[in-house]
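Proteins get letters first, then strands, A, B, ... in listed order; numbering begins at 1 in each.
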Amino acid sequence: GAVVSQHPSRVICKSGTSVKIECRSLDFQATTMFWYRQFPKQSLMLMATSNEGSKATYEQGVEKDKFLINHASLTLSTLTVTSAHPEDSSFYICSARDAGATDTQYFGPGTRLTVL
Amino acid sequence: DAKTTQPPSMDCAEGRAANLPCNHSTISGNEYVYWYRQIHSQGPQYIIHGLKNNETNEMASLIITEDRKSSTLILPHATLRDTAVYYCIVRVALGGSQGNLIFGKGTKLSVKP
């Protein structure tokens with residue numbers, strides 16, 4: 001299957017700082033990428049849908065000013081957690097839609113964010 | 001809310017077939033059934049998907065009932081590395097926001113030696 005990478009895989013930061021997470025589709029172009037968050041022992045929760053060249057669409061309850069999403073190219077989307085707090089500590093996972101014949105989403109390996 | 005119902009957990013002996021059921025009684029005619037799995041602390045891995053015909057690939061087989069209200073994912077020869085949470089998801093393919101993947105709680109499959 002297609003490959004999606006995320007960087008960094010793990011980040012620890014101080015409360016109040018901002019953290020940027022990158023998501024790349026390595027062998028296909030993704031007009032649409034998605035960002036998910038997963039708390040321990042819970043399922044994935046969709047945060048936002050990112051379309052290349054346009055503003056992201058956020059799910060209800062997700063603060064767009066706190067979680068900044070940029071999808072500037074067909075292979076790269078970034079999520080910036082601004083003014084992070086301990087409650088933002090979570091596993092953040094991106095996915096990219098390969099809109100070819102199979103229209104399948106492929107997921108990155110995830111980023112573990114710990115806010116101290 | 002997820003549109004599927006799966007048992008919370010299942011056990012399988014190593015080398016045996018693992019059959020994971022999924023109910024999706026409210027599935028629409030243009031919705032596909034997708035299966036993903038998530039090994040601990042990793043991103044979900046795509047397994048297989050189908051519309052109404054049975055499907056097979058190098059990882060698994062997908063059996064969809066004729067009325068499409070349920071399906072079964074079959075791992076023909078389970079190994080210890082197949083221990084994971086398996087998610088059954090229905091979604092519209094090639095359809096804007098309707099194409100989002102909404103994850104339920106999945107089935108935790110434990111493969112035992």
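Side-chain heavy atoms closer than 4.5 Å link hydrophobic residues (I, L, V, M, F, W, Y) into clusters, and following such links, even through other members, never connects A:Leu74 to A:Val4. Under the 4.5 Å side-chain contact rule for hydrophobic residues, A:Leu76 and A:Ile69 do not share a cluster. Cluster membership check: A:Leu68 does not share its hydrophobic cluster with A:Val62, using side-chain heavy-atom separations under 4.5 Å among Ile, Leu, Val, Met, Phe, Trp and Tyr. In terms of hydrophobic clustering, with Ile, Leu, Val, Met, Phe, Trp and Tyr side chains grouped at heavy-atom distances under 4.5 Å, B:Ile48 and B:Tyr34 are assigned to different clusters. A chain of hydrophobic side-chain contacts below 4.5 Å, direct or via other Ile, Leu, Val, Met, Phe, Trp or Tyr residues, connects B:Ile89 to B:Val85.
Atom CE of B:Met59 is surrounded by more than 12 heavy atoms from other residues, nucleotides or ligands within 6.0 Å.
Of the atoms belonging to B:Gln45, not a single heavy atom falls under 4.5 Å from chain A. With a 4.5 angstrom heavy-atom cutoff, A:Gln6 does not touch chain B via any of its atoms. Proximity to chain B (any heavy atom under 4.5 Å) is shown, for A:Leu44, by both the backbone and the side chain.
When all heavy atoms of A:Ile93 and B:Gly43 are compared, the pair lying nearest together is CG2-CA, 4.3 Å. The two residues A:Tyr36 and B:Leu101 have their closest heavy-atom pair at OH-O, 3.0 Å. When all heavy atoms of B:Tyr46 and A:Gln105 are compared, the closest pair comes out as CB-O, 4.3 Å.
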* **Residues A:Phe107, B:Tyr87; criterion ring pair (Phe, Tyr, Trp, His ring centres under 6.0 Å); working and verdict** => CA-CA 13 Å; A:Phe107 286 81; B:Tyr87 296 98; 9.3 Å; no
* To do: For side-chain contact (heavy atoms from CB on, under 4.5 Å), just list the numbers for A:Ser43 and B:Gln38, CA-CA rounded to whole Å, side-chain angles, deciding distance to a tenth of an Å, and then say yes or no.
  => CA-CA 10 Å; A:Ser43 191; B:Gln38 186 178 25; over 6 Å; no
